[in-house]
Structures are given as structure tokens and as C-alpha cells.
Amino acid sequence: MEASAGLVAGSHNRNELVVIRRDGEPGPKPMNQQNGQVCQICGDDVGLNPDGEPFVACNECAFPICRDCYEYERREGTQNCPQCKTRFKRLKGCARVPGDEEEDGVDDLENEFNWADKHDSQYVAESMLHAHMSYGRGADFDGVPQPFQPIPNVPLLTNGQMVDDIPPEQHALVPSFMGGGGKRIHPLPYADPNLPVQPRSMDPSKDLAAYGYGSVAWKERMESWKQKQERMHQTRNDGGGNDDGDDADLPLMDEARQPLSRKIPLPSSQINPYRMIIIIRLVVLGFFFHYRVMHPVPDAFALWLISVICEIWFAMSWILDQFPKWFPIERETYLDRLTLRFDKEGLPSLLAPVDFFVSTVDPMKEPPLVTANTVLSILAVDYPVDKVSCYVSDDGAAMLTFEALSETSEFAKKWVPFCKKYSIEPRAPEWYFQLKIDYLRDKVAPNFVRERRAMKREYEEFKVRINALVAKAQKVPEEGWTMQDGTPWPGNNVRDHPGMIQVFLGQSGGHDVEGNELPRLVYVSREKRPGYNHHKKAGAMNALVRVSAVLTNAPYMLNLDCDHYINNSKAIKEAMCFMMDPLLGKKVCYVQFPQRFDGIDRHDRYANRNVVFFDINMKGLDGIQGPIYVGTGCVFRRQALYGYDAPKTKKPPSRTCNCWPKWCICCCCFGNRKTKKKTKTSKPKFEKIKKLFKKKENQAPAYALGEIDEAAPGAENEKASIVNQQKLEKKFGQSSVFVASTLLEYGGILKSASPASLLKEAIHVIGCGYEDKTDWGKDIGWIYGSVTEDILTGFKMHCHGWRSIYCIPKRAAFKGSAPLNLSDRLHQVLRWALGSIEIFFSNHCPLWYGYGGGLKFLERFSYINSIVYPWTSIPLLAYCTLPAICLLTGKFITPEVKFETSNAIIRC
């Protein structure tokens, strides 16, 4: 993805796509300049056929049609040429459809009957993505179409890692080199990618030493490993240290196998008294309501009934608020273990890529300088730069935001290396330079003092440029804004403009002043047209989900409001301790961080800190199924946002047969001995099942038989089983590139796809009509139907069986700006209350939605409490009014109590 490509603006529905170059580059030119003819149906390049020649769909009239439209017409259309009405013939590489004539002398069985291994989700997704990116979209980078070659998931003897004492030729899979005329079957990851290789399986009749097994190097390595394991277990049992002194790497090995986090329950001495108080209050409430119901007031029955109803409502609200706090926990992460396992020094980082989302609308209400600080803190985060991509959504299509982001990308080339060189915190310059540093007491190095002062001067100049842009934007020209090359700004009409994408920092052109690579920075403004419902922030976030899936497709995403900067540069690694944990991470849909704010007065007069919610309620929910999503500061699993169910963990059956470690495969029968069920299979299917089990021994038998729930992403065959592209496009939208990316659980894009084709597809997925007749906003992405889309989105994922994590680092992960006056605070509270009422009347109300799914009972209590609390204002107002009515009417809501004595009767 090139950073110098310019601003890409266009509309898929209107078949418009224009590239507006930056300073010093040629003016705007259409992006759809094709190598050859243009398809008369979709407007794409006709492309080449598998033999490298121009693709011709109709041999009679040569009507220009791309391969995608040709296959669609044969599969779903009339199967005739639109111009001469001649029936299309099957071409080489295309699947057969009903009505095709028998062909003699054509050897294309693989494509004719579409035989493929559909159990590998990576293979299916890459094949689908390559098919739609290659045909009809021009050649590859060098102009020559490359055949798709999936990388086989073949484990080497050393798990793919280079080992000094075992040469590559002694791996379990030995490559056999072919001559220049040979065909490359599988491209293996060797040093020379141009050297064709072919994997050769082991021959049992030969000496296993030739393959690595039984060799001297392998035996010595195995014996050394066994001895270290025995000494480590002995050290654990003895409870002492290591007295030998020659096994210094044992703690290191043991540390790499430890969990990345642990759960810390609250001590019983603290939580049990709280639980006892709740139980005592429940008992008192029972006696109280028994008395109130059994002693009505006939003289003031209406007042009595209203008071009882209000008291019951208050009691239910208290119960809904208290019981989700029954199991509070805390969590602790181990960043050193994460580094030891996934980010070893001197080796390529194995940490998962992360896409950052920053949303903004109006630069006059959300100052560009605040957004710039948020972006700078993301670009300087302590994470591998090649695994960080920042997407900024400008839902107001403001040229001020675009220009401010351009200035931010230039300043980042100086700011990012300074942050990483001295490991400063926080990495938002506005808040960092407000810190008071005592250079003498802290013994700061002179180099740092000089560079800090120089960087502060650079930042002050950066602020002057940003403020100048803000001052210039106060008065809009009558003819609208124009860019530096004279091109009108595409977003002059906020309610009617094309989609826009600008890559400011990328793989080329994205280097700092020291020559190091910078993270990606992408500006996105989705298309808006009159007559479409754009769904405000939820729609903007879903557009970012799609465009990021096309351009980078990281398996994890983090969303931030434009006024929330990263205060702890290691916050992403804190989240990865949960997401990448081999045991816990599979069922985690998101990791929520608490909200912390700057600029709050000492007494917190407007209750912006929300201590009860963030430090008590959320810890209680973490002990049940996880905290609710609060709208910002949250790391998501992409697959969870796609509406998939959480993976189901099944207990493996007991071993009752010697034929297989966990499952019985014998006599062409395949079944579970525990349930006494067998499935009769044919001999070829039996061999196929056996091969699958050699590849995945611990997989349940439903994996091989295709009986697993197709909504469970944890099962690796789930995405491979959904091969019907029409079904996927109805769910995710009419973008083959995006649909193919949804099948990749661990992210990644097709490397052979050109940047121009990816940008064109990205413009398509942010179109205003892309979500029509799809599941976006219903079951996929941010859920529509409320201004508080965060509650709905988290609730939907919990209903699918996922769990969330509440992470509270010692140093606050993110900090934001809180309302500074009563008007802003009341407006914020009113917005939350209206959003809860909208959810109450929607189809996703927790009172009746999600039963029979994966939502736990106490977790449902918390969601019900979050949507019914605005209604408490009605009984509260009525209950506060009752005393005044009683005084005016002389009637009371409680009955009179009579005490009889020998002299008089005292009435109370």
C-alpha cells in the first residue's frame, strides 16, 4: 500500500473513481485506466485468461466481458452473450453448469468439477480472494498473471524454526529440487523464493536418519530436552532453587510455558461480609413487603397502591444492581512471558496485527489538535510497526480534518523515533509536555534534555500550523474548498459526497527521520447520499471494519474516540496477554479498559470518574461473563464482530480403543466409543478421515464428518464448510474481496493483489448502499437501533457465547477529555438515557432477547439494569410527591397503629 497514491475518491454505485494527487504530482486521473478492454457490464478490466492471453468470453462476437461477469451469467443469468445471444461455452478453468456440451480432448477435470480440499479455511479464503482479484482486474505487479499457490500447512520437525544443530535437509519434510522446466507444486518458505521446490514425503523403507528422525543431532537434542524436563520437575518437587548452576535456561523455558495472565479473586475477608449484608437486606425486604402488602390502607387505597408499586420497583432495581457484583475478580498480566513467547529479540515478532480505529465528525466541536494527539499516541505505541495500522474516520468529510491529518503524518516522522528512543510516557505530545520534570533530581541525561527541548519547539510549530488551519476554516468560501492542485474538495457537500481514502503513511513513503518504518495511517470518509440512513457512529465504525479488512485485515481491532489518547504504550500488549492466550483467548471477544479522564477537578463535582461503575460493577461482571462494552478503549476480535458464535469447548471422550489415541477408526467405521455411535463410511472417505486425523489428532470427529455448527469460528472447518459464496455475500455484502477476508480467522490479505485494486475495492465497501439487504447492523459489526450502540454490540456478542475481559493496568491505558460544565454533562447523561430507552423498545431488549444462547443469567441482570434505569425516574418522582399529597389530604400511605392501655388509647 503506497502512501504516495493520493486521495482516492469515488462511488461504486455511480461507477466513479478518481485519484487526486498530492503536491508536485500529476493532476487527477481516472483510476480505471485498464490494460485492455473494459467489461461492458461491471466496468472492470476484462483481464487475461490463465494462458496469459486476453480473456474472450464469446467466440462469436468477442463482446468484452470480464471473467467474473462471464461466470455469473453462466451460473445465475441467461447463459447467453448479451450482444449476439449465443450460448456461452465452457472455457478452460471454469466450472461446468447444467446444459454444457460434452467436450473431447479437454483435460480440465480439476476446474470442471471444482474438486478441491475444502477443509482448509486458509486455502478456501485465499482461493476465493485470488480468483476475484486476478481475473477481470488486470495483471499482477510485473504484468504477468501468477497462478495461485497456497502455502501448505506442513509442520517441520523444528516447527518451522531454524536450529543450529539440525540442518534443513534433516527436517521431517525434505524438499526435492526440480529442474528449470519443472512445475512448482508448493512454494515453501526458503531463503530463495525463486528456487522451485517440491515436498517429498518420508519413505518408511529408508533410513529415518535421512529425514532427521534417529539422527545423532536429533537424539542428542531429545535427550537434552528430557533431562532438562526431569531436572525442572525435580526442582519443583524439592521446592528449592537450582544448585547446579549449569541450567540457567531452565527458568527461561519454564517461563515461556506459563499462562500470560491470571485471575485474582477478592479475599474472602472482604467479599463475604458484603454478601452477608446483601442476604440480610433481602430478608429485611421480604418482611417489609409482607407487612406492606398484608396491611393495606382502605381510606387511601390509591396512595397506598402507588407507594407499594414504587417500593417494589426500587427493590427490583437494587437487586439488579447488586447481584452482578457477587463474584468480583481482578486480573494480572505477564508482559515478560508474552515477550518471551511471541516477541523474542532478534527473531521476527509473532504478535498479532492490530487495526486502530479513530472516529471523528465535526472538527469545530472536536478540535483537530486533540485528534492529532490521539493519532500520534497510536503511531508511537510500543508494538511492532509492521503490525499497527491506524484508520481515521472523518464522518463529516471536513477538509480541515484531512489537512490536519496530513500535518500530523509529517510531524509523526520526528515524534515517533523520539518516543521510542527514550521510552517516554505518555506519547501524546500535548500531555507529555505538560509534565513537570526536575532534571537535576531525576538525573536526566544531557542528550535527552537537548532533544526534548528541540522536540518541544517542533511541537509548538506544529500547533501553530494546526491552529492556522482551524482559523482558516472558520470562513468557508462560496465556491467551496479546493485542494492545493486546484481540484475541488470532494466533501464540500457534507450530505452528498463520494467515499474518500488517503493513505498518508504506508509500506512505501512511511519512514521517519532515522529511516525506520512507520505504522500505516489511513484517512477514510465513507460515501453519503440523500435518502440513505447512515446510522451515525455505528455506521462509521462498520465502514472502518470493512475497509480495514480489505487493506490490512488484522485479526484484532481497537477503537478510540478522537479525544482518548494512549496513556500507556504497552496497553496493546496487555490486551494481547488475554487475546493470544492459548487457553483463555479462544473465547474472548473483546478486552475492555476502564475510562480515565484528564482535567477533572479534585472533588469531581460532575461525577465524571464513575468510580462505582468502573471500579466495582465492571469487576463484578468480569467474574461472570465479562464487562459490557463502553464505546471506547476496547480491543475486539474481528471474528466476534462478524457474528460468529464462540467456540464450544468439548470434553474429549475416554480412550477405549487401541486403534487411535482418542477416537476409534477401524473396520471402515468411524465413531465415538463413548456414545456408542458409529457412522458407516466408504473406503475412500475412511482414508480421507484418517489423513485429517493425522493432521489434527485432537479434533472432534464432527470436524471430519462436517457435522459441526457452521456458526462456530473456533472449529477450524467452520469457515471452510461455508463455501457457498452467494450465502456469504447476502450476509456480508457484494464484495468478493471482503467476503474472502472474513474466512481468515488469523487475518492477512492476498499478497499478489495490487494496491490499486485493493483501494478500488475499499471504495466499494464504504459505499452508502453497500449494507442494503445484508446483516450489517443486525448481526454483524456495531449493532444499529440506538444511539448507545456500544451496549447493543457487546450484548449481541455475549448472546453468541463469547466472554469479555476487564483489564486494569497499573498505569491507565487510555485517557480522555471529560465534560467540564454542567450543560455538557447533562447532555451526555440524557443521551445515555435515551439510548437505553431505545434498546428497551427494540428487538434486542435483554428482557426477551437471547434466551437459549450463551448469555449467563447474572450477565443478563446487568444488561437489564442498564436499560431500565431511566424508567426509575418515574417512580422516584411519584414517591417524592406522595408526602406532599398526604399532608394536603390528611391521608397516609401506612395504616394507623393502635396501642391499648388501661387509661387511654394512643393512636400513631
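A quick note: this is a predicted structure, and the numbers were derived from the prediction, not measured.
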Contacts under 3.5 angstrom, residues 808-816 side chains, donor-acceptor by atom type, not counting sequence neighbours:
residue, atom, partner, partner atom, Å
R811, NE, N567, O, 2.8
R811, NH2, N567, O, 3.4
R811, NH2, N567, OD1, 3.4

>> Could you tell me if the side chain of V630 sits less than 4.5 Å from the side chain of Q592, heavy atoms only?
In response: yes

> Side chains of D563 and P367: does their closest heavy-atom pair fall under 4.5 Å?
Replying inline: no

Would you please indicate yes or no on a ring centroid separation below 6.0 angstrom for [Y] and [X]?
X    : Y    : value
F636 : Y629 : yes
Y590 : Y556 : no
Y770 : W776 : no
W326 : F861 : no

>> Under the rule for side-chain hydrogen bond (donor to acceptor under 3.5 Å, both in side chains), what residues qualify as partners of S842, not counting sequence neighbours?
In response: none

> Which distance, rounded to the nearest 0.5 Å, do you find between the CZ of F578 and the CZ of R637?
Replying inline: 13.0 Å

> Using a distance-only test with no angle check, is there a side-chain donor-acceptor pair under 3.5 angstrom linking Q828 and R831?
Replying inline: no

> Does the side chain of Q322 pick up a donor-acceptor pair with the side chain of Y274 at under 3.5 Å?
Replying inline: yes

> Which residues satisfy the side-chain contact (heavy atoms from CB on, under 4.5 Å) test with N865, sequence neighbours excluded?
Replying inline: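 Applying side-chain contact (heavy atoms from CB on, under 4.5 Å) to N865 gives L320, D321.
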
>> Test of understanding: with side-chain contact (heavy atoms from CB on, under 4.5 Å), list the residues that count as partners of N467, not counting sequence neighbours.
In response: K463

Hey, can you tell me if [X] and [Y] have their rings parallel, tilted or perpendicular (30° and 60° cut-offs)?
X    : Y    : result
W415 : F418 : tilted
W871 : F841 : perpendicular
F402 : Y523 : perpendicular
Y565 : W431 : parallel
Y784 : H535 : parallel

> Could you give all pairs that pass the salt bridge (Lys or Arg N to Asp or Glu O under 4.0 Å) test and reach residues 569-578, with sequence neighbours left out?
Replying inline: D343-K573, D382-K570, D382-K573

>> Assess the residue pair E330 and Y806 against the criterion (side-chain contact (heavy atoms from CB on, under 4.5 Å)); give the C-alpha distance rounded to whole Å, side-chain angles, the decisive distance to 0.1 Å, and a yes or no.
In response: CA-CA 8 Å; E330 294 179 349; Y806 194 51; over 6 Å; no

> Hey, is the main chain of D561 close enough, under 3.5 Å, to the side chain of S359 for a donor-acceptor pair?
Replying inline: no

> Can any side-chain N or O of T788 pair as donor or acceptor with the backbone N or O of W832 at less than 3.5 Å?
Replying inline: no

> Is it true that D496 and K528 have a side-chain N and a carboxylate O under 4.0 angstrom from each other?
Replying inline: no

>> Between R609 and D615, does any NZ, NE, NH1 or NH2 come within less than 4.0 Å of an OD or OE carboxylate oxygen?
In response: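 Answer for the salt bridge query: no.
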
>> Under the rule for salt bridge (charged side-chain N to carboxylate O under 4.0 Å, His left out), what residues qualify as partners of R457, not counting sequence neighbours?
In response: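 Counting only residues at least two positions away or on another chain, R457 forms no salt bridge (charged side-chain N to carboxylate O under 4.0 Å, His left out).
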
>> Would R452 pass as a cation-pi partner of Y432, given that its NZ or CZ must be under 6.0 Å from the six-membered ring centre and within 45 degrees of the axis?
In response: yes

